[in-house]
Asker: 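Before I ask anything, let me first share the structure, which is written out below as structure tokens.
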Amino acid sequence: MDASDCQGCCYGNIETEASNRDMIEKHDTVYCQEFQQHTQSKDPVSPDHLKHSVPDDNLTRLSNMNICIGDEVHSANEPMPHQYWSLATFPPELILVIFSYLDARFTLRVLACVCKLFHSLLSSESSWKTRFGKRWPRRNNREDYDFVSSWKRICVQQEDLDKFWHDPTSSLDFYQLKDQHFAPVDTVHIMNSANLCISGARDRAVGVWSLSALADPLEEGYAKKSFKQSLDGHRGWVWCLGSDPTGAPRVCSGSWDGNIKLWDLQGQSAEMTTISAHKAAVLCLSWEQDMLISGSYDRTIVMWDLRAGNSIGSLKNHSKPVLCLTVDDRFIISGSEDKTLSVYDRRAAQVYKSVKLKTPVFSLCQSSTCGYNYLRVGGRDGRLHMLDTTADRFEELTPSIELGQESNGKISGICHYGGAVVACSTDKSIKVLEPSRVLSVIHTFDCHTGEVTAVNSGGSVLASCSSDLTIGIWRPKSLRPVAII
């Protein structure tokens, strides 16, 4: 999973150290010279000097901030002796305290580029670790310390997470897409910059839904208005979906008929080609650049070159059906009914590691892009297992987490959305979890009357599907299409 998937609609990229240095050099003539001039002349460095780049809410915090000098307390709006006006003369600890009142993303993107002093102070991971502990003491779990990839990223993520999930009932629109599939819906996929939703069901059809047609959830008939077309061609249940990673309107579907079909949503004839790479049901797949990687009930994983139109490799790392997989530039990670997790090294062309678990693996979700080096594994017993992926270790962390005390339903799907981890279960529930190691349920969605079979996110949209023949769509109300009069 790439960074854009875990970022969702509220999680922006954070500049790396190298890019920060480049930005400093680029803006030295604008920021640093102005800062030095005010320092040398002992003129005030006030929020007005940064007004062209500082959001209004951060300006308000700066202007309302009190500054202590000796026994006196001065407001940022009150005149002060000139010798105290240079922010650069403040102790570094005090500067960091002042910055702690501002948004983490703004601090990294703007203040770190004002001058080399600010950049140096904000480059330290230890200062962000301290900020995290003071801002979120209840979430400051030492169990997570060894698995943190970036304290900067975690601070930004936690602020966005708090804003996004503050009141999801009032901030998110919920749509229920129905009346098109006449059998349980087993898979759902968001694509095309969150403008399209693709569904696959046991009626052997692939449904295409336009999310840009969804406006007011109280409007009658919005589901019928949103439905675009049904792609028919499979002779078995449609069990998994994928889309072109370049953003082109192309979809692939895997079915119990053993075939993978590619569909062009803009072509006159939607079906492009059929790939018969397996001898049994296709249960999971991933579209990576010009390659399709699929797992099957026949216990194999096949890599298919879309340019040449032929198989370039087949893996048999499991003794039972391959139920799920996740792929990145380095590894193909697959889970199976045989209770093992296989990590295949694509560069070395060999199995890197095999992890034995206590349950069959039904879902996978890699969390390194969310600040923690975790691989989450959903099991049949309703428990969430976590593996440490730091330095490619892939070691299971104990104990595993039970999502529901009264449920034994399998965890059928896991994804990232709004900076959090979303897990669904056959007990009909969808739970939103913090991305750290210790279990903390932020929110629970209760919208399906049947087993929740999958969840998927893309951009600003979260989607779920269920055996009750419906698809659930969540989207921020701020992203409703503007009505054209």
Side-chain angles (χ1 to χ4, degrees), residues 1 3 5-6 132 136 138-151 153-154 157-158 161 284 323-328 330-336 338-344 352-405 407-427 429-444 454-455 457:
M1 179 174 288
D5 291 332
C6 72
F132 180 87
W136 299 281
R138 294 184 179 179
R139 301 178 188 173
N140 191 26
N141 301 304
R142 294 188 177 276
E143 293 92 336
D144 291 315
Y145 281 11
D146 294 335
F147 314 107
V148 172
S149 60
S150 171
W151 287 102
R153 183 176 295 274
I154 288 179
Q157 181 208 9
Q158 289 293 333
L161 185 147
C284 51
L323 303 179
C324 56
L325 59 81
T326 181
V327 181
D328 58 24
R330 176 79 186 279
F331 298 110
I332 299 175
I333 306 172
S334 57
S336 170
D338 63 9
K339 302 182 181 180
T340 64
L341 193 73
S342 176
V343 182
Y344 177 80
Y352 176 78
K353 192 169 187 177
S354 182
V355 182
K356 186 69 176 178
L357 300 173
K358 297 180 179 179
T359 175
V361 180
F362 280 89
S363 53
L364 294 170
C365 184
Q366 203 157 1
S367 303
S368 58
T369 53
C370 279
Y372 298 96
N373 292 317
Y374 292 139
L375 173 67
R376 285 177 171 79
V377 179
R380 173 180 286 171
D381 56 0
R383 301 186 70 85
L384 193 64
H385 302 259
M386 301 181 71
L387 277 73
D388 170 24
T389 59
T390 306
D392 300 331
R393 282 199 287 262
F394 292 98
E395 296 177 354
E396 185 179 8
L397 304 174
T398 53
S400 56
I401 299 171
E402 186 175 1
L403 291 187
Q405 297 180 353
S407 171
N408 293 320
K410 68 181 181 183
I411 300 178
S412 50
I414 316 173
C415 70
H416 291 114
Y417 181 64
V421 176
V422 180
C424 67
S425 171
T426 53
D427 67 357
S429 70
I430 302 175
K431 296 185 184 297
V432 181
L433 312 171
E434 287 190 15
S436 61
R437 179 178 177 183
V438 178
L439 173 66
S440 179
V441 178
I442 300 173
H443 187 72
T444 299
V455 288
S457 64

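For the single chain, residues carry numbers from 1 onward in sequence order. Computed from a prediction, not measured in an experiment: that's the story for all the values here.
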Asker: Compare all side-chain heavy atoms of Leu387 with those of Leu397 and state whether any distance is below 4.5 angstrom.
Answerer: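 Side-chain contact under 4.5 Å: no.
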Asker: For residues Ile442 and Leu161, determine if any side-chain heavy atom of one lies less than 4.5 Å from a side-chain heavy atom of the other.
Answerer: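 They are in contact (side-chain heavy atoms under 4.5 Å apart), so the answer is yes.
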Asker: Mind checking the CD-CH2 spacing from Gln158 to Trp136? Nearest 0.5 Å is all I need.
Answerer: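 Result: 6.0 Å between the selected atoms.
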Asker: With a 4.5 Å limit on heavy-atom distance, are the side chains of Asp144 and Tyr374 in contact?
Answerer: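 Contact flag for Asp144/Tyr374 side chains = yes.
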Asker: Closest approach of Ala454 and Ser412, non-hydrogen atoms and distance?
Answerer: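 Closest approach of Ala454 to Ser412: N-OG, 4.3 Å.
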Asker: What residues, two or more places apart in sequence or in another chain, satisfy side chain to side chain donor-acceptor pair (under 3.5 Å) together with Ser363?
Answerer: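 So Ser363 forms no side chain to side chain donor-acceptor pair (under 3.5 Å) with any residue.
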Asker: Would you please name every residue forming a salt bridge (charged side-chain N to carboxylate O under 4.0 Å, His left out) with Arg393, sequence neighbours left out?
Answerer: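 Applying salt bridge (charged side-chain N to carboxylate O under 4.0 Å, His left out) to Arg393 gives Asp388.
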Asker: Please answer whether the main-chain N or O of Ile333 pairs with a side-chain N or O of Thr326 as donor and acceptor at a distance below 3.5 Å.
Answerer: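 The answer is no, because no donor-acceptor pair under 3.5 Å joins these two groups.
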Asker: Taking atom CD of Gln366 and atom CD1 of Ile414, what is their separation to the nearest 0.5 Å?
Answerer: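 Reported value, rounded in 0.5 Å steps: 12.0 Å.
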Asker: Please enumerate all residues that pass side chain to side chain donor-acceptor pair (under 3.5 Å) together with Ser334, with sequence neighbours excluded.
Answerer: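 Counting only residues at least two positions away or on another chain, Ser334 forms a side chain to side chain donor-acceptor pair (under 3.5 Å) with His318.
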Asker: Just by distance, do the side chain of Thr340 and the backbone of Val355 share a donor-acceptor pair under 3.5 Å?
Answerer: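 Between the backbone of Val355 and the side chain of Thr340 there is no qualifying donor-acceptor contact (under 3.5 Å).
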Asker: Residues two or more places apart in sequence or in another chain: which of them pass ring-ring contact (aromatic ring centres under 6.0 Å, His included) with Phe331?
Answerer: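 In terms of ring-ring contact (aromatic ring centres under 6.0 Å, His included), with neighbours along the sequence ignored, Phe331 is linked to Tyr352, Phe394.
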Asker: Give a yes or no on whether a salt bridge exists between Lys358 and Asp381, defined as a side-chain N under 4.0 angstrom from a carboxylate O.
Answerer: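 So Lys358 does not pair with Asp381 through a salt bridge.
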Asker: Distance from Lys431 atom NZ to Leu384 atom CG, nearest 0.5 Å?
Answerer: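 Lys431 atom NZ to Leu384 atom CG measures 12.0 Å (nearest 0.5 Å).
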Asker: For Gly409 versus Thr426, what's the shortest heavy-atom pair and its separation?
Answerer: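 Heavy-atom minimum between the residues: CA-OG1, 3.1 Å.
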Asker: Measuring from atom CG of Leu341 to atom NZ of Lys356, what distance do you get when rounded to the nearest 0.5 angstrom?
Answerer: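 It is 11.5 Å, given to the nearest 0.5 Å.
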Asker: Listed by chain and number, what are the side chain to side chain donor-acceptor pair (under 3.5 Å) partners of Glu396, not counting sequence neighbours?
Answerer: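 Once residues adjacent in sequence are excluded, the partners of Glu396 under the side chain to side chain donor-acceptor pair (under 3.5 Å) criterion are His385.
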Asker: Apply side chain to side chain contact (heavy atoms under 4.5 Å, CB included) to Lys339 and Val361, showing your working.
Answerer: CA-CA 6 Å; Lys339 302 182 181 180; Val361 180; over 6 Å; no
Asker: Search all heavy atoms of Leu364 against all heavy atoms of Cys324 and return the closest pair with its distance.
Answerer: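 Looks like CG-SG, 3.6 Å.
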Asker: Residues two or more places apart in sequence or in another chain: which of them pass side chain to side chain donor-acceptor pair (under 3.5 Å) with Thr359?
Answerer: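 With neighbours one apart ignored, the set is empty.
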Asker: Who pairs with Trp151 by ring-ring contact (aromatic ring centres under 6.0 Å, His included), at least two apart in sequence or on another chain?
Answerer: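 Trp151 satisfies ring-ring contact (aromatic ring centres under 6.0 Å, His included) with Phe132, Tyr145 only.
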Asker: Taking Arg376 for the side chain and Pro435 for the main chain, is one N or O donor matched with an acceptor at less than 3.5 Å?
Answerer: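 Answer holds: yes.
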